[in-house]
There are 2 protein chains.
Amino acid sequence: MRISELARETGVPLATVKYYLREGLVPAGRATSATQAEYDVTHVRRLRLVRALVEIGGLPLAAVRDVLAAVDAGPDLSMTAIGTAHAALPPAPPPGTGTERALAVVESFGWSGAGQTNALGRLQAALEAMDAVGLAPDPERLRTYADAALTVAAADVSDVPAGPVADVVEYIVVGTVLYEPLLLALRRIAQQHLFVTRRPGG
Amino acid sequence: MRISELARETGVPLATVKYYLREGLVPAGRATSATQAEYDVTHVRRLRLVRALVEIGGLPLAAVRDVLAAVDAGPDLSMTAIGTAHAALPPAPPPGTGTERALAVVESFGWSGAGQTNALGRLQAALEAMDAVGLAPDPERLRTYADAALTVAAADVSDVPAGPVADVVEYIVVGTVLYEPLLLALRRIAQQHLFVTRRPGG
DNA sequence: ACAGTTGGAGAGTAGCACTATCCAATATTG
DNA sequence: CAATATTGGATAGTGCTACTCTCCAACTGT
């Protein structure tokens, strides 16, 4: 499979494939001559993954690179793969954001082991911004959100298939990113559903 | 309150405040002379809202403009405010994405009234991308996600306070955007929590 | 033999979100 | 009241990202 076939197969413009190769997001093919290289299904798969992370996950290419690095690191990092992936994922919390408040919230749920993730910073930044515009959640609503988050997270980790470790890592890392848009889309659709059915008159 | 005080109060650089004024994201102050204008708390509030939508919601300024328009439209749009807000929210589904499959999924949940939202396109795009990389959710997991989404959506719509209609609209629209990062941050933290507690050895 | 394609590299482009500079008019201060 | 500082407003420039275009010699298929 040559580069143009790779592009056609995935629907990605040839120039963009070349760009990803240059950036190291897709590994080089096996060169068969000075002007020819051979690509295979692993390249197709990787290219599709990059596009999914960019288009669905909304990641900038730098973050895609980091996520792929976490995927490729394989066995050694499997335990911390989630943390690595989360650290690589945007958006980063605004600089100067603390985590004390977020930690207090998380601990009130009895959650542990979330010490070194920037998700804490994001949580705190979100809470502070809500305060600033006067829309902070009351404890009950926060609890509802946390319960829902825990439910889907439980599905996430229990659904990890047995198999080669590299695949497991990819499953976790990619799943973390790709399932976020799924959850948000479902929430928005559910909101509309509830509004239409519960407030027929406005 | 003069413009520089507005900037200081909110922590937004003066040049950026001017830029937002030019772009119409923050309404002009009441001019008191050729080189002086008076701003008040509504400007502070609006400016904080813009920053929250940008920094926490991750919206591009064009989307912020659309969301604010939905907020400002007030009473007339209150019934469709969610739809308007959703339509304005990025990311848009990739062009050419259908909604048949997403519709089928949504109907299988017994949800209705979600016909004209781009969230459907996002849902379908997410499902298709997951298929492409071989990580599509099984029906059970999809159901788990849908239930969780419905739970938080119920909290969202039931939590809408009684009050001036304009405030209600703002609450809905802004809540839609600002609570998304909250949900995602909680999910990530919950994932880490579960991984650490359930897989202590890796 | 020769038109067409390929891989690779460099420079160029478009969009976004600021940011810096300038200006004349107006405030503020001594 | 004179000197200095600040203001609102406009214009142009910056830095970043994610491509996209152009070129070219080496090779391929016919």
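Numbers restart at 1 for each chain; the letters A, B, ... are given by sequence-line order, proteins then strands. Since we're looking at a predicted model, the values are computed, not measured. FYI, side chains are in, hydrogens and waters are out, and symmetry mates aren't considered; it's all heavy atoms of this structure.
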Between D:dT7 (P) and B:Leu6 (CG): distance, integer Å: 12 Å
Close approaches to DNA chain D from residues 24-41 of chain A, in residue order (heavy atom, under 4.0 Å): A:Ser33, A:Ala34, A:Thr35, A:Gln36
Any A:Leu150 side-chain heavy atom under 4.5 Å of B:Leu194 side chain: yes
Rounded distance (Å) that lies between atom P of C:dT28 and atom CD of B:Glu5: 12 Å
Side-chain heavy-atom pair A:Val26, A:Tyr19 within 4.5 angstrom cut-off: no
B:Tyr179 and A:Tyr145 aromatic ring geometry - parallel, tilted or perpendicular at 30°/60° bounds: tilted
Letter per nucleotide, 5' to 3', of nucleotides 14-24 of chain D [B base touched, S only sugar-phosphate touched, - untouched; heavy atoms, 4.0 Å]: ----BBB----
Spacing between B:Leu21 atom CG and D:dT7 atom P, to the nearest angstrom: 14 Å
Atom-pair distance (CZ on B:Arg2; P on D:dT6), nearest Å: 10 Å
Test: A:Arg101 and A:Asp131 ion pair at under 4.0 Å: yes
Any donor-acceptor N/O pair, B:Thr97 side chain to B:Pro93 backbone, under 3.5 Å: no
NZ/NE/NH1/NH2 to OD/OE distance under 4.0 Å, B:Arg141 and A:Asp156: yes
Counterpart residues, side chain to side chain donor-acceptor pair (under 3.5 Å), relative to A:Arg48 (two or more places apart): none
Cationic N near anionic O, under 4.0 Å, B:Glu23 to B:Arg65: yes
